[in-house]
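Heads up: the structure comes next, in structure tokens.
From a predicted model like this one, the values you see are computed outputs, not experimental measurements.
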Amino acid sequence: MNLRQAQLRRLVENSFPEIQNFHEKVTVSYEKLENAKSFWSEIYLAHLKVNDGGEESVPETVFIKVPRISENVLRCEDEEAVDELQNVLVYYSKKENLFYKHFQYGTVPNFPFPKVYFTEDVKEEGTGGIVAENLSDKVYAVEHIPGLNHEKVLRLMEALAGFHSHLIQRKDKSYVESFVEGAHGRETYAPGMQKMMFEEALTLANVSPEVFGNKKRIQGIKWAFDYERKNKATKQAISEIPGIICHADLNVTNMLWKKDSATHEIGAIIDYQMLFIGSIAFDIIRVLTLGLSREVRREKTKCYLEYYHKTLSELFHGSAPFGLDQLNSQYFLIYPFASNFTLFGIAMYIKMYSDGTLGSPEFKEANCAELVDRANGIVEDIEALEKNFI
């Protein structure tokens, strides 16, 4: 038995502590799932079968997420960065596990997440992971292109309003200590992360120099990747409206939708590795900038902010804890420092569409062109906002 097999075996056994001598009573086989879209994990499906004569109750399958640095991440880094990436992996894994410890399954309105049986932090090689319910037969994810339709965005606005209302009204605020930047000796958006995002965003100019002017336009918005400016904007935002947990990585692969739902119900929101305490507008910006075309986003942003605020008001019995004008102010204050991560993501996804990791080969050029256009729209918006920050 190798180290990975022993790790999987231990994770599953610890998920069912009520069953003594688990592996004598339950036969388990493991299937590694192809998960090219993952940046920080390997995914396995464990098939469980109670042995003849046993009366134990276990699900037929469980989903296992094992922390691991993927090739998608390593391709952005030089060899000297690998050790640091391992430290980041430990940090991300710890935060995701803490989310499931702070928030019980089924307790947050409009904001579903998977039922988790067991979590283990990364301590050394061959440790760490999450065992959760297998939702694969019940849900699906959309592709980055075309992205989200109108009904799906409404469901996401409902989900964020539900999560934010829960956090604001929750008396136990111990989660803040777990997710505030600097907790556990690290930050999600540390200077090194800002530098990496900017350098990756610069590659957009190689993809489309006619749009991005041989890096001049990306260089011109370098201030949006500035660590101190980001911190200043966040500090101002949470002084005006108390900070909440930001998911920080609400791309379409982390939104799972119920199959055969006429109303586009969310089945689960997943991947809580990048959580931090920040502005109520951060995740809204991520959803809109990455999930929508430039034209639709600009046409519908006002509508979606109003819908979020309306839903939040309903969850507070008709009176939201802040006004729509305050929400709009937060949106534009945080926009450069949330959409910079979108630019980083778009640059990564263009590479993945180009090399066939994502999408169908026949649509490669069209998909990349659409991503370039979304990036162009974001750069235009940041350029227009520069006078408010410089």
Are any side-chain N or O atoms of [X] and backbone N or O atoms of [Y], one a donor and one an acceptor, separated by less than 3.5 Å?
X: Gln7; Y: Gly128; value: yes
X: Ser15; Y: Leu11; value: yes
X: Thr203; Y: Glu200; value: yes
X: Lys230; Y: Gln194; value: no
X: Ser293; Y: Val296; value: yes
X: Arg170; Y: Tyr175; value: no
X: Lys173; Y: Leu167; value: yes
X: Glu181; Y: Tyr189; value: yes
X: His144; Y: Ile346; value: no
X: Ser239; Y: Gln236; value: yes

Say you draw a straight line from [atom1] of [X] to [atom2] of [Y]; how long is it, rounded to the nearest 0.5 Å?
X: Leu45; Y: Asn134; atom1: CG; atom2: CG; result: 4.5 Å
X: Glu125; Y: Arg68; atom1: CD; atom2: CZ; result: 11.0 Å
X: Ile245; Y: Phe163; atom1: CD1; atom2: CZ; result: 4.5 Å
X: Phe344; Y: Met197; atom1: CZ; atom2: CE; result: 7.5 Å
X: Ser360; Y: Asn367; atom1: OG; atom2: CG; result: 8.0 Å

Just by distance, no angles: are the side chains of [X] and [Y] close enough, under 3.5 Å, to form a donor-acceptor pair?
X: Tyr91; Y: Glu187; answer: no
X: His164; Y: Tyr308; answer: yes
X: Lys95; Y: Thr188; answer: yes

Any pair counted as ring pair (Phe, Tyr, Trp, His ring centres under 6.0 Å), so long as it reaches residues 193-214, sequence neighbours left out: Phe198-Phe225

Residue pairs fulfilling ring pair (Phe, Tyr, Trp, His ring centres under 6.0 Å) with at least one residue in residues 360-379, sequence neighbours excluded: none

Partner residues of Tyr331 under the side chain to side chain donor-acceptor pair (under 3.5 Å) criterion, sequence neighbours left out: none

Side chain to side chain donor-acceptor pair (under 3.5 Å) involving Ser279 - partner list, sequence neighbours excluded: Gln330

Closest approach of [X] to [Y] (non-hydrogen atoms, all atoms of both residues):
X: Gly147; Y: Val142; value: O-CG2, 3.9 Å
X: Leu327; Y: Ile280; value: CD1-CD1, 3.3 Å
X: Ala141; Y: Leu256; value: CB-CD2, 4.1 Å
X: Tyr335; Y: Arg297; value: OH-NH1, 3.2 Å
X: Ile334; Y: Ala233; value: CD1-O, 3.9 Å
X: Ala268; Y: Leu135; value: CB-CD1, 3.8 Å

When you group the ILVMFWY residues by side-chain heavy-atom contacts below 4.5 Å and let the links chain together, are [Y] and [X] in the same group?
X: Val379; Y: Val372; value: yes
X: Tyr349; Y: Val211; value: yes
X: Val139; Y: Ile64; value: no
X: Tyr272; Y: Val116; value: yes
X: Leu288; Y: Met255; value: yes

Steps toward ring pair (Phe, Tyr, Trp, His ring centres under 6.0 Å) verdict (His184, Phe179): CA-CA 9 Å; His184 323 294; Phe179 303 120; 7.7 Å; no

Steps toward side chain to side chain contact (heavy atoms under 4.5 Å, CB included) verdict (Thr311, Leu154): CA-CA 10 Å; Thr311 306; Leu154 294 182; over 6 Å; no

Side chain to side chain contact (heavy atoms under 4.5 Å, CB included) between Tyr307 and Lys300, worked out: CA-CA 11 Å; Tyr307 189 78; Lys300 296 284 191 179; over 6 Å; no

Centroid-centroid under 6.0 Å between Phe103 and Phe113 rings: no

Validation: residues 312-322 side-chain donor-acceptor distances under 3.5 Å, sequence neighbours left out:
| from | atom 1 | to | atom 2 | distance (Å) |
| --- | --- | --- | --- | --- |
| Ser313 | OG | His309 | O | 2.9 |
| Glu314 | OE2 | Lys310 | NZ | 2.8 |

Selection residues 97-108 - residue pairs positive for side-chain hydrogen bond (donor to acceptor under 3.5 Å, both in side chains), sequence neighbours left out: Asn97-Asp121, His102-Ser178

Pairs satisfying salt bridge (charged side-chain N to carboxylate O under 4.0 Å, His left out), at least one member in [range], at least two apart:
range: residues 276-289; value: Asp249-Arg286
range: residues 206-228; value: Arg217-Glu383
range: residues 326-350; value: none
range: residues 250-263; value: Lys258-Glu265

Ring pair (Phe, Tyr, Trp, His ring centres under 6.0 Å) partners of Tyr44, counting only residues at least two apart: none

Audit row: Leu250, Leu156, side chain to side chain contact (heavy atoms under 4.5 Å, CB included) steps and yes/no: CA-CA 10 Å; Leu250 278 181; Leu156 288 164; 5.5 Å; no

Close side-chain approach of Asp271 and Glu96, heavy atoms under 4.5 Å: yes

Candidate pair Trp223 and Ile382, rule side chain to side chain contact (heavy atoms under 4.5 Å, CB included), full reasoning: CA-CA 10 Å; Trp223 62 269; Ile382 295 174; 3.4 Å; yes

Quick one: side chains of residues 19-28, donor-acceptor pairs under 3.5 Å with protein atoms, not counting sequence neighbours, listed by atom name and distance.
| from | atom 1 | to | atom 2 | distance (Å) |
| --- | --- | --- | --- | --- |
| His23 | NE2 | Arg9 | O | 3.3 |
| Lys25 | NZ | Gln20 | O | 3.3 |
| Thr27 | OG1 | Asn51 | OD1 | 2.6 |

Arg10/Glu13 ion pair, N-O < 4.0 Å: no

Test ring pair (Phe, Tyr, Trp, His ring centres under 6.0 Å) applied to Phe276 and Phe282, step by step: CA-CA 10 Å; Phe276 73 102; Phe282 189 98; 5.1 Å; yes

